[in-house]
Each structure stands twice: as structure tokens, then as C-alpha cells.
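By convention in this document, chain letters (A, B, ...) are assigned in the order of the sequence lines, proteins followed by strands, and residues within each chain are numbered from 1.
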2 protein chains.
Amino acid sequence: MHDNLTERSKRILEAIIEDYIATAEPVGSRTITRRHGLSLSPATVRNVMADLEEMGFLSSPHTSAGRIPTDKAYRFYVDGLLEVRKIARDEREEIRKRCILTGKDIGDVLKETSRMLSSISHYTGIVVAPRFAANIFRHLEFVKLGGKRILAILVSQNGTVQNKIIKTDDELDAADLVRMSNYLNEMLNGLTIAQVKQRLMEEMRDEKNKYDALLARALKLSQDTLADTDSEMFIEGQSNILEQPEFADVTRMKEIFRAFEEKNQLLGLLDRCLEARGINIFIGSESHLSQMAGVSLITSTYMTGKNTLGVLGVIGPTRMGYSKVIPIVDYTAKLVSRLLEVE
Amino acid sequence: MHDNLTERSKRILEAIIEDYIATAEPVGSRTITRRHGLSLSPATVRNVMADLEEMGFLSSPHTSAGRIPTDKAYRFYVDGLLEVRKIARDEREEIRKRCILTGKDIGDVLKETSRMLSSISHYTGIVVAPRFAANIFRHLEFVKLGGKRILAILVSQNGTVQNKIIKTDDELDAADLVRMSNYLNEMLNGLTIAQVKQRLMEEMRDEKNKYDALLARALKLSQDTLADTDSEMFIEGQSNILEQPEFADVTRMKEIFRAFEEKNQLLGLLDRCLEARGINIFIGSESHLSQMAGVSLITSTYMTGKNTLGVLGVIGPTRMGYSKVIPIVDYTAKLVSRLLEVE
DNA sequence: ATTAGCACTCGAAAATGTTGAGTGCTAATC
DNA sequence: GATTAGCACTCAACATTTTCGAGTGCTAAT
């Protein structure tokens, strides 16, 4: 792929990208020869740069400025040129220290993970909580709150909890609730949440269940509990974005922040990452979200066993330190996987 | 109070404040006489303005600009001049429509409330989840996750749920867990969480309990569950702040966003509001938080019965539309109170 | 194929000019 | 004595011009 680029062009392109990542300023032919030990004259470099621009790897803000890499260049860089460093020992320590929290519920751990990702990368951290459907059912409990309000609590194997307040048509007494949950726990034990949904449907269709009022109630209640459980998302360190010179312009910044608040769109993007396991990188326009122009996303999936649970990653400018951030995201995903594993 | 201000000065001060709230531009003597039907000449107004500046109600950015109100002026305005409008019918409808969500847990409702506050006020909405300590204990449940990990679930009367993963020294079987929670539920029924903590302490000290291993375990476990439950906070619509001209400057904005991320400091401030019931207003420097310069906070408490549960409100520039926002916050707090009331 | 040399481009920053809203003061007016 | 017209003065904001230099593309020499 891209065999049409000579070794020299690649080296120069790489130098330009790395320089731009470091400085956020358009890179000129002079700078390249000076800062990177290329034994070429600026003039030669200029010729190569002109070719690279022709091919769509570089663009110039105006005639007499240097060049900046395009999304295509970053993609080429990430796919080929970049050699991913191993994670630094101290980074690894930091990650471990901040993720391993005992005595906190899953949500707190993931939130802290997101915060950690942001502070260690200096960009914005993002963690999508486990998709409930992939989890394994563990326990269902109904607590009577008062009157006709019941709190349904659904617990999955790895400790994720989902609550819902359900209003019933008439009062149920506590004993009934216990019987109902006992029955359901028995029936649903060991299934994934997705299978649970399935099973409930089947049971409700089953003729014989329609005659047991309590049972029918129980089924209805648990189905209500499972209805539209939207996944949670933790975005932390948004203000780190403000440090990036490319967002000094207020209008650009507004866009980004709006994008962060529009969590649904982001979720859509992250869902795409769910499908492919492991590291995933979206560069600028590749996300096909207009607000994400100039922004890159590095994600990885975390999982228990062979079950993909969720996604986590880092959002930063396209001009981000890929070689540093990729191993961080990678290591974090693996660590979180391990934490959620049932010991 | 402030009897030293003549009626006329008050009218002029009011006009300046309202003009500044509307335009965000320093107000000149000319403008005042034109826009507000004062039958005075600019020159007279200038004299009054000079007096007001002397007294600390106004300041001028530079010699040849108009005046802008100081925090002291806003305080005077809020305390005396401002007559709070009743909430508009359509606003009331909007609030109701967006807060009354069935089939969602409390957290979701409060988050949506925060979002609603931001979108209806055009500033930033903030909701602090009920302090757990003030809630009434309803139910405690232990779910075995696998190995030595137990998920403790604590439910309060109004449907707030708190989970915690607890690691035990050795395995407990499911039946034991049920017995433990039955016992505890019996013992703690009807107490407030604060009382529950108290009671657990007493029981643990009690000699006779030390000989029942299981019981001792149960007590320890529930105490772990209750340890350091930090209150959750929902801040929504942060990007609305970006619309405010006074934060067009990137440095100012960074400060604000950092402040939002430093939730602890904010929580401290909001805790102060918890103590005083009803509407509470912090204007700029009054909060004694440097990052909050130029920012005002309007809050109100929500409660069930005579129990103060939490705080909600709006954060905006000091130059915010107090007369519009105050009734919104007030009404929302009352509505949320009603929603959390056990029906 | 590479590179030195050179005219040219164009944004950024500094220097300069212009404008107008606003002020404070004084003296005339009600 | 309070109010106001009048006027000189101030100063940020905006527009215009100038300067500067990093960077380019092209050509001709190496």
C-alpha cells in the first residue's frame, strides 16, 4: 500500500507529521532539515513536499506558510509509519493505581478510569459503560417503596446494577414481591441479559402463564425493568481540550463542547468501535460527524472472556500524540477487562 | 437598609443593572435616559452615577466607557429592587413536562432536571442528588457476585439506590447472605440513614453480638456499605456558558470549566445552601471561590416533608436574568420535592 | 538528481490614524 | 440649590498602512 511513496518521501512526511504534532505550527522546508537530521537541502525537501501535497497528504494554509498534514496523512502515519512504543513503566503504574479502586461500584470505577485517561493523556477521556445486553444475569429484586411504586433492581454478574421505578396498577404486598423475584431468579439464572429478554417474551406468550395472575405480573414487571436501558457514558477532562492551540478560536470550541453534550452522536460512533475488537482509531473526517472535524478518537474495547462489554478511549485533536496515547488506551482497556472479570 | 440612597438613585441604579443584564455592555448616561423613560438629562444622571460609583455600586472599565454594576449592586438589586415575577405559564408547563418521567430511576430524573434547568434558563443547570444521610432506610440486600465479591445494595424510601462492591475475607454462601439481610432489614427498618449508622455502631460495640460470627459479619458488611457515600452531582448545559459574551476570552472560560470539573469545591458551596432552606443566591465574589468571579449561583433546596434532601439551581454570569431564573429554580425545586415525596 | 540563488507572496505584528461614545467640569438656567 | 447645556478631553475599538520574515516556486548552476 502506498508503494508509490519512496522511502525518502516517507521519512519526510513522517518528520513533518511529528513536527506538527509537537508544535502545532505549519512546518516549513527549512525547519525539517534543521530539526530532523536529514542530509538534504531545503530546496529538495520543498520538491518532495510539493509532490506530497499533490497526493493529498499535505495542505498549505496559504502560499507562504509551511505545510500541515491532512487526515489522510495521519491515517498513513498511524497505519504504517508509526511504531507504537511500549507503555512506559511509570504510566503503567499510574494507570493501575488510579483504576484499582476497591469498595466502589462499577460506575465509580469507570468514571475514575475516564478521569485517569484524561489526566494521563492530557486530552479528554471517554468510557462507555458495559452494554447491559452483553452481561450475564445475576439477580433481580423488587423493593416496595410505598403505595404502588416498586423499585426494580437488576444486577449482572460483573456488578453492574440497573434500577428502575415502576408504578403498578394496584398494590402488591411484600411477600408477593419476594415470591416473584425468587421465581424469576430461578428461571433466568445464568442467561445473558439479551437471552433474558428473549425468554421473557416466550414466557409471556405461553398460554398457561396467562392464568396465573401473579406470574403474569412478574413477567410484565421484569420486562418493564429491562425496557430501553440506555448505556451510560463518562466523558472527563473536557477542559484539557482548551489547552490545545487549534481550539483557541471560540467558535471551534463551542462546536466541540456541543458535540460532547450531544452524547447520542458520540455513542453512535463508539458503537461502531464495539464491533471491531481492540484498538480503533478515527481521524477527523473519518467519523463523518461534522463537529468532529479536527478531532481524533482512539478507542479500545474491554471485555470479559470473549464477550465485548464496552469501549473506552481518548478524544484529542487530530494532531495528537498517537505514539504515546495508543499504548495508554490499550493497556487501560486490558486492565479494565481484568478488573471486571469475575475472580 | 441603604436608606442613604434616594428614590431617584435607586431608579437609576436599577435601570443601569437591567440595561447591563440585557446588553452586557457598559452603560452610559445617555443610554439610560433614552432607553428608560427617565425625564432627566444625561448630565444629571452622570452626577448620580458618580455618586453610585463612590459608594461602590458601579465601576468603570476605563474613563471613557460607561459603568457596569459591581457585585454589591447586584446584591442590592436582588435584595431590594427586583420584584420576582411569577413563573410564566409556558415555563411551568415545560418544567413539568420534562421532569415528570416515569419508569426512570431517581438519577435519571435528576439528570434530566439539570438538563431542563440549563435549557430553559440558557445557563448551566446543576442538581445535587439527595444526601444519603437524610434519607430513610428502606432495604438492604447482598448479592453474591462470584468468589469473595459481594454487591451490597442499599435502597432508601424515595428510591435512591447506592451500590458497593465489597470483598470479603472468605466465601459466604447465598443462604447466609439472605439471613443477614433479613436480620438487618428487620433491625434498621424506618430509621434514617444517619440513624442507621449510629445504630450499627452501637450494635458492634455490644458485647453479646461479638459471639455470633455471622451477625458480626453482617454488621461489618453493612457498615462498609455505608462508608463514605459521596453525593452525586449533575451539571448540564455547560456549553451555554460559551454563549455569554463575558466569557469570550479563552482564559476566563478555562477557569470556569476547570471549576466545573472541580466538583468538590462546588459541592462545598452547595452544601452551604443546604443549610438555609429555600432560595439562595451567591453573587460573584460572595462565594469566596476565585474561579467563580463573574459567576452567580441561584439555588433552592428540595425536600420531602421537613427533611432537606438536596440542592438544585442555575449557574450563570453575575449579569444573569435574575427575575426570570429565580422563579424557575423555585418552581423546579418544589416540583422535584413533590416527585420524591412517597405517594 | 540536487542545490544555491532569487524574486515573490502573504500573514502577523507593529505603527499610525480616525472615530465616537462617554466623561468631568463649569457656567448658565429653572 | 438642583438641573442642564456646553465643551474640552479621554480612550478603546476599529481601520489603514507599514514593516518584517518565514516560506514558496522557479531557474540555473553543480
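Phosphate contact (OP1/OP2 of D:dT10, side-chain N/O of B:Ser64, threshold under 4.0 Å): absent. OP1 or OP2 of D:dT4 has at least one side-chain nitrogen or oxygen of B:Thr44 nearer than 4.0 Å. Dashed line: the shortest gap from a side-chain N or O of A:Thr63 to OP1 or OP2 of C:dT9 is not under 4.0 Å. Close to D:dG25, at under 4.0 Å from its OP1 or OP2, lies a side-chain N or O of A:Arg67.
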Below 3.5 Å, can you tabulate the donor-acceptor pairs from side chains in residues 48-56 of chain B to any protein atom, sequence neighbours excluded?
unit_1, atom_1, unit_2, atom_2, d
B:Glu53, OE1, B:Arg67, NE, 2.6
B:Glu53, OE1, B:Arg67, NH2, 2.9
B:Glu53, OE2, B:Ser60, OG, 3.0

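To the nearest angstrom, P of D:dT24 lies 12 Å from CG of A:Leu52. Look at CD1 on B:Ile32: it is 16 Å from P on C:dA21, rounded to the nearest Å. One can place CG of B:Asp19 at 14 Å from C1' of C:dG22, the figure rounded to the nearest angstrom. Across the protein-nucleic acid pair, A:Arg30 atom CZ and D:dG23 atom C1' stand 9 Å apart, rounded to whole Å. Across the protein-nucleic acid pair, B:Tyr20 atom OH and C:dG22 atom C1' stand 16 Å apart, rounded to whole Å. Between the CD1 atom of B:Ile12 and the C1' atom of D:dA2 there is a distance of 13 Å, rounded to whole Å. Atom P of nucleotide D:dA12 and atom CD1 of B:Ile68 are separated by 14 Å, given to the nearest angstrom.
The cationic atom of B:Lys111 (NZ for Lys, CZ for Arg) does not lie both less than 6.0 Å from the six-membered ring centre of B:Phe234 and within 45° of the ring axis.
Few gaps surround CZ on A:Arg75; more than 12 heavy atoms of other groups in view lie less than 6.0 Å from it.
Of the charged side-chain nitrogens involved, none lies within less than 4.0 Å of a carboxylate oxygen, so that A:Glu261 and B:Arg115 do not count as a salt-bridged pair. B:Glu262 and B:Arg258 are not joined by a salt bridge, as no carboxylate oxygen comes within less than 4.0 angstrom of a charged side-chain nitrogen.
In terms of position along DNA chain D, the nucleotide closest to B:Pro42 lies nearer the 5' end than the nucleotide closest to the other residue of the pair B:Pro42 and A:Ala65. When each of B:Gly66 and B:Asn47 is assigned the nucleotide of DNA chain C with its nearest heavy atom, B:Gly66 is the one assigned upstream, toward the 5' end.
Checking C:dT9, D:dG25, D:dT24 against every side-chain atom of A:Met49, the shortest atom distance belongs to D:dT24. The side chain of B:Arg46 lies closest to C:dT23 when the candidates are D:dG25, C:dT9, C:dT23. Minimum atom distance to the side chain of B:Arg8 is reached by D:dT3, of the listed C:dA4, D:dT4, D:dT3.
Using cut-offs of 30° and 60° for the angle between ring planes, the A:Tyr322 and A:Tyr74 rings count as tilted.
Considering only residues two or more places apart in sequence or on other chains, B:Phe257 meets the ring-ring contact (aromatic ring centres under 6.0 Å, His included) condition with A:Phe257.
Residue-level contact check: B:Thr31 touches the backbone only, with heavy atoms under 4.0 Å from sugar-phosphate atoms and none from bases. A:Ser60 comes within contact range of no nucleotide atom at all, as no heavy-atom separation falls under 4.0 Å.
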Under a cut-off of 3.5 Å for both distances of each Watson-Crick or G-U pair, what dot-bracket string does DNA chain D give, using [ ] for crossing pairs and | for inter-strand pairs? ||||||||||||||||||||||||||||||

